[in-house]
Amino acid sequence: MSLTKYEKVMNLAIRRGFLWPSFEIYGGQSGFYDLGPLGVLLKNNIVELWREVFVKQHQEFVVEIETPIINPAIVFKASGHEEHFTDYAVECTSCHRIFRADHLIEEVLGTNAEGLSEEELNKIIKEHNVRCPVCGGELSTVKKFLLLFQTYIGPYSLENLAYLRPETAQGMFINFKRVYELMKRRLPLGIAQIGKVVRNEISPRQGPIRLREFTIMEIEFFYDEKNPQCELLDERCSDNKIYILTAEQRIQGETKPISILPSEAYKEKIILSPWLAYWMCIAGKFVNMLGIPLEKTYFEEKLPTERAHYSKQTFDQMVLVDKWGKLEVSGHAYRYSYDLERHIVFSKSDLYAVRQLKEPLIVRKRVAKYDKVAILKLFGKQAGDVFKKLAKYSPEELLKILESSQRDEIEIEGMKIPRTVFTVEDVEEKIWVEKFIPHVAEPSFGAERLMYITLEYAYRELEGGRVVLSLPKKLAPIKVGIATLIDKPQFEALASRIYNMLKMKYYVVILEGDSIGKKYAYADEVGIPFVITIDYDSVVEGSTVTVRDRDTRKQIRVPIADLAKVIDLGLEGKDITEFGYPVIEPKD
RNA sequence: GCGGCGGUCGUCUAGCCUGGUCUAGGACGCCGGCCUUCCAAGCCGGAGAUCCCGGGUUCAAAUCCCGGCCGCCGCACCA
């Protein structure tokens with residue numbers, strides 16, 4: 001029986017210490033994976049590449065923050081997760097099986113129970129005496145099953161209820177105002193965050209792909225929808241097309257994505273937000289940098305029924321993979337102004353942005369003014385008091401007070417003021433700024449899934465069962481291997497010298513094995529891009545070694561003093577055989 | 001969560017149906033040594049498996065039965 005590619009990749013990943021199921025000694029717990037030594041290095045490199053592409057290259061207007069995993073419940077009330085991340089469940093009191101309440105009712109009574117409230121579900125179960133379908137036992141009352149993990153902050157009481165975040169996004173929304181101020185109140189503005197999130201999935205069953213705890217890398221990108229300032233869409237994204245499978249196509253049963261420039265997709269209203277289009281373009285380039293060819297990835301538009309509650313439009317970035325056919329590695333949601341709006345309501349904070357108008361808005365209104373000289377004459381020394389009281393009211397408010405009374409004297413805070421000191425006028429006001437709620441485009445990546453596709457696409461099998469993990473050199477966990485052609489003390493001493501020299505700069509390993517071939521094979525299998533070999537020439541003259549490229553197996557002979565320079569250039573993706581050093585062709 | 005199938009050294013597996021000959025066999029890998037002037041294939045030696053966990057049937061269980069855990073497939077659920 002031959003193994004599938006997924007199994008081969010996972011075997012390698014587990015055997016060589018990239019990752020493995022968590023809690024193994026206690027029988028395991030699905031939905032959790034540990035990262036091993038190589039896995040941590042690989043993940044860090046992927047995260048760092050993301051940071052480079054999404055944050056560093058956009059640092060004029062994208063900044064990274066870090067916020068808590070544990071949030072007071074109010075945050076996810078406001079975000080809508082508490083409401084929408086819920087299922088209703090009942091438990092059998094005798095066999096303790098758990099069922100989805102609405103599905104159970106539908107099954108037993110044949111009626112539609114979708115969307116019913118907790119009370120309604122309870123009522124139906126009681127009235128129709130619905131019992132456990134397995135053992136006939138009595139059912140508990142309906143309970144909410146939340147996909148959010150719950151805990152308490154401090155002592156156990158309901159006011160202290162907290163949730164662990166299922167996305168990092170809320171941290172950015174909550175801090176929008178602060179970061180907006182820090183960034184000189186300029187839009188567009190991206191706030192990035194990389195961190196762990198948790199979701200209490202009902203039954204995750206896809207190994208390291210569907211995790212209950214995983215790392216998300218996302219940007220909440222805020223912009224003025226009336227003036228998106230998205231010139232980058234044309235400037236940086238006019239060179240390659242992206243593949244999109246639209247919702248319309250999917251409804252019609254089509255499976256072949258269209259190929260289109262991101263800017264055209266926006267102009268043709270296939271993508272509703274220009275910034276969503278921009279970040280999708282960058283996402284395509286980023287995934288390509290992980291070693292996934294452009295034609296192996298496409299964006300699938302979610303149907304309205306598939307979208308999250310906050311989204312106006314969502315595209316999932318899919319990568320073709322062996323096992324599942326396609327795998328979602330990132331989500332691109334047009335969150336519109338939903339989240340900020342909700343936080344404004346729930347927190348009563350001002351989370352608006354300010355827009356400078358090109359032309360002032362002219363507002364005509366009727367206001368009441370008062371004659372200060374007349375008041376002075378009438379009130380004498382008390383005039384100061386009167387002015388103070390009047391100052392509390394705006395001209396519009398004063399007009400209302402005047403209009404609400406027919407008397408000759410109006411009363412303000414116990415002070416009687418004759419109507420004669422007031423005049424009513426029509427004024428024109430010029431308004432140069434207006435408040436608005438920015439729109440949000442959100443690109444969001446799952447780090448562990450990116451890790452998996454990186455491994456799968458790097459995995460190559462040569463004849464004879466030899467495996468090469470052809471990781472992009474920049475992402476390789478260990479950059480340099482050092483091999484001695486034969487294991488004699490002089491060779492080993494030189495290896496050790498070079499090791500000590502390079503380990504300040506790179507992750508390096510001294511390769512061990514029965515033969516030079518086995519050492520290369522091991523290095524290839526864990527994706528080490530360059531192997532330095534110490535041969536007889538190295539020992540005799542003591543100053544040169546060879547450097548072998550993992551993917552071409554070609555070697556160059558290099559002075560030891562030049563090693564760091566050669567490796568640096570090589571890691572950037574340059575062909576080491578073009579540096580002018582003697583080249584040695586591989587012999588099999 | 002439901003239904004079906006599965007779980008034997010690190011890996012892939014033999015054995016299970018037809019219980020005892022299994023103190024569980026092999027291959028690769030691993031460890032020690034020899035050999036070795038460049039791509040895993042030579043020689044010698046060695047370690048490594050509570051046969052997923054718990055319970056039951058039986059004189060006797062890797063093997064049969066039940067429950068649990070984990071995995072795979074389908075359904076359901078799913079930022």
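Below, chain A is the first sequence line, B the second, and so on; all start at residue 1. Just so it is clear, the values below take in all heavy atoms, side chains as well, and ignore hydrogens, waters and symmetry mates.
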Under 3.5 Å on both distances, the Watson-Crick or G-U partner of B:C39: none
Set of side chain to side chain donor-acceptor pair (under 3.5 Å) partners for A:Ser496, sequence neighbours left out: none
Counterpart residues, side chain to side chain donor-acceptor pair (under 3.5 Å), relative to A:Arg335 (two or more places apart): A:Glu167, A:Asp339, A:Glu442
Residue-phosphate contact under 4.0 Å: A:Lys323 side-chain N/O, B:C72 OP1/OP2: yes
RNA chain B contacts made by residues 326-335 of chain A, counting heavy atoms under 4.0 Å: A:Glu328, A:Gly331
Closest nucleotide among B:A40, B:U37, B:C39 to the A:Tyr520 side chain: B:C39
First encountered from the 5' end of RNA chain B, between A:Arg15 and A:Arg548: A:Arg15
Pairing of A:Lys323 and A:Glu456 as salt bridge, 4.0 angstrom limit: no
Donor + acceptor pair across side chains of A:Tyr223, A:Ser273 (<3.5 Å): yes
Base B:C38 to side chain A:Arg553, donor-acceptor N/O within 3.5 Å cut-off: no
Near-ring test A:Tyr33/A:Phe214, centroid separation under 6.0 angstrom: no
A:Ile486 CD1 to B:C39 P, straight-line distance once rounded to whole Å: 15 Å
Distance below 4.0 Å between A:Lys488 side-chain N/O and B:C34 OP1 or OP2: no
N/O donor-acceptor pair, side chain A:Arg210 with base B:C78, under 3.5 angstrom: yes
side-chain contact (heavy atoms from CB on, under 4.5 Å) involving A:Val509 - partner list, sequence neighbours excluded: A:Ile478, A:Leu511, A:Ile528
Any A:Arg466 side-chain nitrogen or oxygen under 4.0 Å from OP1 or OP2 of B:A40: yes
Proximal nucleotide (of B:U37, B:A41, B:G10) relative to the A:Leu485 side chain: B:U37
Gap between atoms CD and P, on A:Glu24 and B:U11 respectively (whole Å): 9 Å
Residue A:Asp487, side-chain atoms from C-beta onward, closest of B:A40, B:C38, B:U36: B:U36
Sugar-phosphate, base or nothing in reach of A:Glu525, heavy atoms under 4.0 Å: base
Residues that A:Thr484 engages under side chain to side chain donor-acceptor pair (under 3.5 Å), provided they are two or more places apart: A:Asp487, A:Lys519
Aromatic ring proximity A:Tyr310/A:Tyr336, centre distance under 6.0 Å: no
Results of salt bridge (Lys or Arg N to Asp or Glu O under 4.0 Å) for A:Lys554 - residues two or more places apart only: none
Watson-Crick or G-U counterpart of B:A27, or none if no pair lies under 3.5 Å: B:U11
Nearest-angstrom distance, C1' atom, B:U36 to B:G42: 10 Å
Pairs where residues 528-537 of chain A contributes a residue and the test salt bridge (Lys or Arg N to Asp or Glu O under 4.0 Å) is met, not counting sequence neighbours: A:Asp535-A:Arg557, A:Asp537-A:Arg557
A:Ser337: side chain to side chain donor-acceptor pair (under 3.5 Å) partners, not counting sequence neighbours: A:Glu341
Whole-Å distance separating the CG atom of A:Asn200 from the P atom of B:C78: 14 Å
Proximity to the side chain of A:Asn11 - top-ranked nucleotide from B:C70, B:U11, B:U37: B:U11
Integer-rounded Å distance: B:C78 P and A:Leu303 CG: 14 Å
Watson-Crick or G-U wobble partner of B:A49, both distances under 3.5 Å: none
Near-strand residues of residues 526-540 of chain A, defined as heavy-atom separation under 4.0 angstrom from RNA chain B: A:Thr533, A:Asp535, A:Tyr536
N/O (side chain, A:Ser30) to phosphate O (OP1/OP2, B:G71) under 4.0 Å: yes
Sugar-phosphate only, base, or nothing, as touched by A:Thr546 at under 4.0 Å among non-hydrogen atoms: base
Any strand: nucleotide that pairs with B:C72 via Watson-Crick or wobble, under 3.5 Å: B:G4
Pairing partner (Watson-Crick or G-U wobble, both distances under 3.5 angstrom) of B:U57: none
Watson-Crick or G-U wobble partner of B:A62, both distances under 3.5 Å: none
Out of B:A40, B:C72, B:C70, whichever nucleotide has its closest atom nearest the side chain of A:Gln29: B:C70
Whole-Å distance separating the CD1 atom of A:Ile482 from the C1' atom of B:C38: 17 Å
